[in-house]
Number of protein chains: 2
Amino acid sequence: MATIYDVSFLAGVSLATVSRVVNNTGKVSDKTRQKVHDAMAKLDYRPNTIAQSLASNRSNSVGVLVSQLDGPFYGPMMREIESALRAANKHVIIAAGHSDAAQEKDAVEFLLSRGCDALIVDAEILSNEYLQTLCAGKTPVVLINRHVDGIEDRCVHLNNLEGGLLATGHVLEHGHKRIAYISGPLFKLDARERLEGHKQALKAHGIAFDEQLFFEGDFREEGGYEGMAALLERGIGFSAVVCANDQMASGAIALCLEKGLQVPKDISFVGFDNIPFPRYISPKLTTVCNPIQDMGRMAANWVLRHVYDDSSIDFCHRFEPQLVVRESVLQHRSSTEAVLSVTAAVTSTSNKM
Amino acid sequence: MATIYDVSFLAGVSLATVSRVVNNTGKVSDKTRQKVHDAMAKLDYRPNTIAQSLASNRSNSVGVLVSQLDGPFYGPMMREIESALRAANKHVIIAAGHSDAAQEKDAVEFLLSRGCDALIVDAEILSNEYLQTLCAGKTPVVLINRHVDGIEDRCVHLNNLEGGLLATGHVLEHGHKRIAYISGPLFKLDARERLEGHKQALKAHGIAFDEQLFFEGDFREEGGYEGMAALLERGIGFSAVVCANDQMASGAIALCLEKGLQVPKDISFVGFDNIPFPRYISPKLTTVCNPIQDMGRMAANWVLRHVYDDSSIDFCHRFEPQLVVRESVLQHRSSTEAVLSVTAAVTSTSNKM
DNA sequence: GTTAAAAATGAAAGCGCTTACATTAATCTA
DNA sequence: TAGATTAATGTAAGCGCTTTCATTTTTAAC
C-alpha cells in the first residue's frame, strides 16, 4: 500500500502538501494540486485512516449503542444513522446493551475506549446520573429516546405524553369508556409519559383512572400476553385496551385470539411505535407513529454539526407522534363489556382446572 | 488521559515493559507486573486503541456488510456477530449495501479503507468475480449466505437445496399435487438452489414442473403479493404455494386474505427462513428454518480463528435447514383446486372491471 | 565460584499521518 | 523597484503505541 510519503516523492512535493490536498485544507496552487492528484491516482493511494486518526486525534468513528440489534424497533434507526454518517465518510461502530445494566455500561465503556468521536446512545437501563456524568465527559454524547434533566440539549426524543393522549383519545372518541392499559416498565420515563398521556386523556373525558384496568408490562410481546391474561383474569369488564407499544399489543391480541375473542369486534386495541408488521397480519393494528428513523437521523445530524462542524445541518430535539388509524379499533357497543366479563369468567374457570 | 509513558514513569519501568503487561506478551516478572498494574490503576490508564492499531498494524475491527439494517432477517445475525466479536474485544463496523450494486461495492471499499482486520460480507449483488478478487486481497473476507467457486473455504452458507426439498416435500406429503412456487430473484444462487430443491422434490413424487405454476419474485413482501396475484390471474388450479422466503409468503398470503381465500383451508403455504413473526399472526407460517444467527456466529468464529489466531474456536461451512411445522399447511382435499380456479376466474373478471 | 543459558528489562526506531512554524515565492503598494 | 503582504511550500516534531535487538540480571550446571 502506498503511503503519503510515496505520493510526495512521486509528485515531488512535501508530505505537508500532500496532506493539504488530501484533506482540502490550507492553500495549494492548482498546479501542485494536480501533480499530487496524478501521483495519488498512479499509486492508487488511500490514506491510512488509523494514522490519520492518531495524528489528528479524531477517529472519524461514531459509536452507536442500542439495546437490541434484532427486533423490529432499532433497525430503521440504525439504517438512518449509518447512511447519514457514511455519507459524511464517518463510520459507525455498533454495540448492543441487551437490556442489561452491566452490559449496557460495558458497551458504553467499550465504545469510549475505541476512541469514538461521539456516541449515540439509546440507553434503556443506565441511570440519569450516569448519563449526566457521561455527557460531561470528553466524548460528546447524544441520547436518543430519552430526555434527561440538565442535558436536554443532548436529547432526541418523542413527545410521549402526546402519544399517550392520542392513543387513548382515539378509543375514547370511539365511545369506549372502560379502557385497559398495559404500560411499559415504569422505571422508564417513556413508559411513564405514555401512561400519563393515557391518564390525561381519560381525565379530559371525565373518566377516572382505575388501577384494576392497569397492568405494568415490559415492552415485549410476552409482557403483553401476560398482561392481557392478568387483565382478563380479574373478571372486570372493558372494551378496549391500549398498549404502550406494538409488541405488547401483539402479545395481548395473541392471547385474545387464543381465547376466542375477536379483535376488534369484541375488543379494540391500540398500540404504539408503528413498527413494521407483516402484510398478512389481521387485524392491522391502529397505533401511534414513533418516527424512530427521523430521530436516528437527527442524532446523526447532531454529531455532524457539533462534532464534525458541519453547520449546514439542522437539528431538533423533540418529535411529535401521529396517530395511525388502521383496523383494530371499533365503535363501542354496550354489549361488549358483558361479553368480555363472561369470557373472563369462563377463562378464569378453565384456567383453574 | 494517561498515556503509556505516564504509566512507565510512575511504575519506574520502560515503555516496553508496560506494553508487555498490557498485552500479556513476553516475559515480565511478577514483581514488575504488579508495579505496572498498580500504576495503571492509579492513573486509570486505558490504552489508546488507535495508537495500538497504528503500531501493530491491526485495527481490532471487523467490517460487516449487510444489505439491510432494518428488516427481520439480518438483525439476529448482527446480534451474534457483535456479541462474539465484542467478547474478544474486537469491534464491528457496519455498513449497508441497500441491495444496490454501486452501494454494495462502495460499502466494501469503505470498510476496506477503514483498515478492518477482516470483513464479513453478505453480498447480494456483487459478482462472483468481484468476490473472488476481494478474497484474494490482503484483508481476509468471509462470505455469508453465499458460496462461490474457488473460495469455498471462505463461505458460510445454508444447504438451500435441502431446504427447498424440505419445503416442497412437506406439502407433497400432505397430498398436494398442484403446487405453485414463488422464487427469489434467480440471479441469486440461493434462490436458484431453493428452486432446484423444489423441482427435485416434485420429480421424486413423479410430478412434472409446470412453468404455469411458477413466478419469479424478489424476496420481498411486494414480490409475494404480486406473484400471488399473477398466479391467481392465470386461472389455473393449485392447492398450495411454496415461497422461497417468509416475506414473500407474507405478501402472498395477504393477497389471498384480501381476496377472501382462507389459509390454509383453501390454500396451503410454506415459507423459508423462519423469520420472527408477531405472535398474533394467523395462521402461523410453516417454514424452513434458516439458522442465520448460527451462521453469523460462525463467520465471527472464522475471523477469530484465522485472523486473531484463536485456535480454540471451531468452524463449519455449511448449515442444514430444518422444517418448522406450524399451521399453514393442511391435508389436501380434492375440492380445493376447483375453489381456487373459480376464485381466480372471479378475481380475474372483477379486476377487469 | 565460574560460566553458560535463560529470563527480564530497556533503548530506540518506526507505524503513516497532521500541523505549528519556518521559509521561500509571488504579488502588491507607493 | 524596494519593501511589505500574502500565498505556497517545506521542515520536523509529534500522536501513543509495538517490537526488534541489545543489554543486564537471574538461575542453573558443574
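So that the names make sense, note that chain A is the first sequence line, chain B the second, and so on, each numbered from 1. In what follows, every heavy atom counts, from backbone to side chain, and hydrogens, waters and symmetry copies are set aside.
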- request: Consider the side chain of A/L15, meaning its heavy atoms from C-beta on, and name the nucleotide among C/dG16, C/dA11, C/dC17 that approaches it most closely.
  value: C/dC17
- line: B/K27 NZ to D/dT26 C1', in whole Å, measures 13 Å
Value in whole Å for how far the P atom of C/dA7 lies from CZ of B/R33: 14 Å
message: Tell me if the CZ atom of B/F9 is crowded by more than 12 foreign heavy atoms within 6.0 Å.
response: no
query: If you look at every strand shown and take non-hydrogen atoms under 4.0 Å, does A/G115 touch a base, only sugar-phosphate, or nothing?
result: nothing
- request: Taking all heavy atoms of A/E82 and all of B/L69, pick out the closest pair and write down the distance.
  value: CB-CD2, 3.8 Å
- line: Sorted by position of nearest nucleotide on DNA chain D, 5' first, the leading residue of A/A16 and B/I50 is A/A16
- request: State which of C/dC17, C/dG14, D/dT19 makes the closest approach to the side chain of B/A55.
  value: C/dG14
query: Can you check whether A/R79 reaches B/H98 side chain to side chain, under 4.5 Å on heavy atoms?
result: yes
query: When the distance from CE of B/M40 to C1' of D/dG16 is rounded to whole Å, what number comes out?
result: 15 Å
- prompt: Within this structure, what is the CD1-to-P distance between B/I4 and D/dT18, rounded to whole angstrom?
  reply: 5 Å
message: Output the rounded distance in Å from CG (B/N24) to P (D/dT19).
response: 13 Å
Atom-to-atom span, OH of B/Y5 to C1' of D/dT18 - whole angstrom: 18 Å
field: B/S19 side-chain proximity, nearest of D/dT18, D/dA8, C/dG16
entry: D/dT18
task: Provide, to the nearest angstrom, the distance between the CG atom belonging to A/L54 and the C1' atom belonging to C/dG14.
output: 12 Å
field: Distance test, side-chain N/O of A/Y45 to OP1/OP2 of C/dC17, below 4.0 Å
entry: yes
field: CA sep, side-chain torsions, deciding dist, call: A/L158, A/D190, side-chain contact (heavy atoms from CB on, under 4.5 Å)
entry: CA-CA 8 Å; A/L158 181 71; A/D190 51 357; over 6 Å; no
- prompt: CG/A/D44 to NZ/A/K42 distance, rounded to the nearest 0.5 angstrom?
  reply: 13.0 Å
- prompt: Closer to the 5' end of DNA chain C via nearest nucleotide, is it A/Q52 or B/G26?
  reply: B/G26
message: Can you identify which nucleotide, out of C/dT19, D/dT9, C/dT9, has its nearest atom closest to the B/S29 side chain?
response: C/dT9
task: Name the closest nucleotide to the A/A51 side chain, picking from C/dG16, D/dG10, D/dA8.
output: C/dG16
message: Pick the closest DNA chain C nucleotide for B/S56 and for A/V22 by heavy atoms, then say which residue is nearer the 5' end.
response: B/S56
Any B/N23 side-chain N or O less than 4.0 Å from OP1/OP2 of D/dT18: yes
Side-chain donor/acceptor of A/R46 to base of C/dG16, under 3.5 Å: no
statement: A/N57 atom CG is separated from C/dG16 atom P, nearest whole Å, by 20 Å
- request: Please work out if B/V13 contacts a base, only the sugar-phosphate, or nothing of the nucleic acid, heavy-atom cut-off 4.0 Å.
  value: sugar-phosphate
- prompt: If we only count heavy atoms from C-beta on, is the B/Q68 to B/F73 side-chain gap below 4.5 Å?
  reply: no
- prompt: Closer than 4.0 Å, any side-chain N/O of B/S14 to the OP1 or OP2 of C/dG10?
  reply: yes
- request: Name the closest nucleotide to the B/R20 side chain, picking from C/dT9, D/dC17, C/dC17.
  value: C/dT9
- request: Taking only the side-chain nitrogens and oxygens of B/T17, find out if one of them lies under 4.0 Å from OP1 or OP2 of C/dT9.
  value: no
- line: Testing D/dT9, C/dT9, D/dG16 for proximity to the side chain of B/V28, the answer is C/dT9
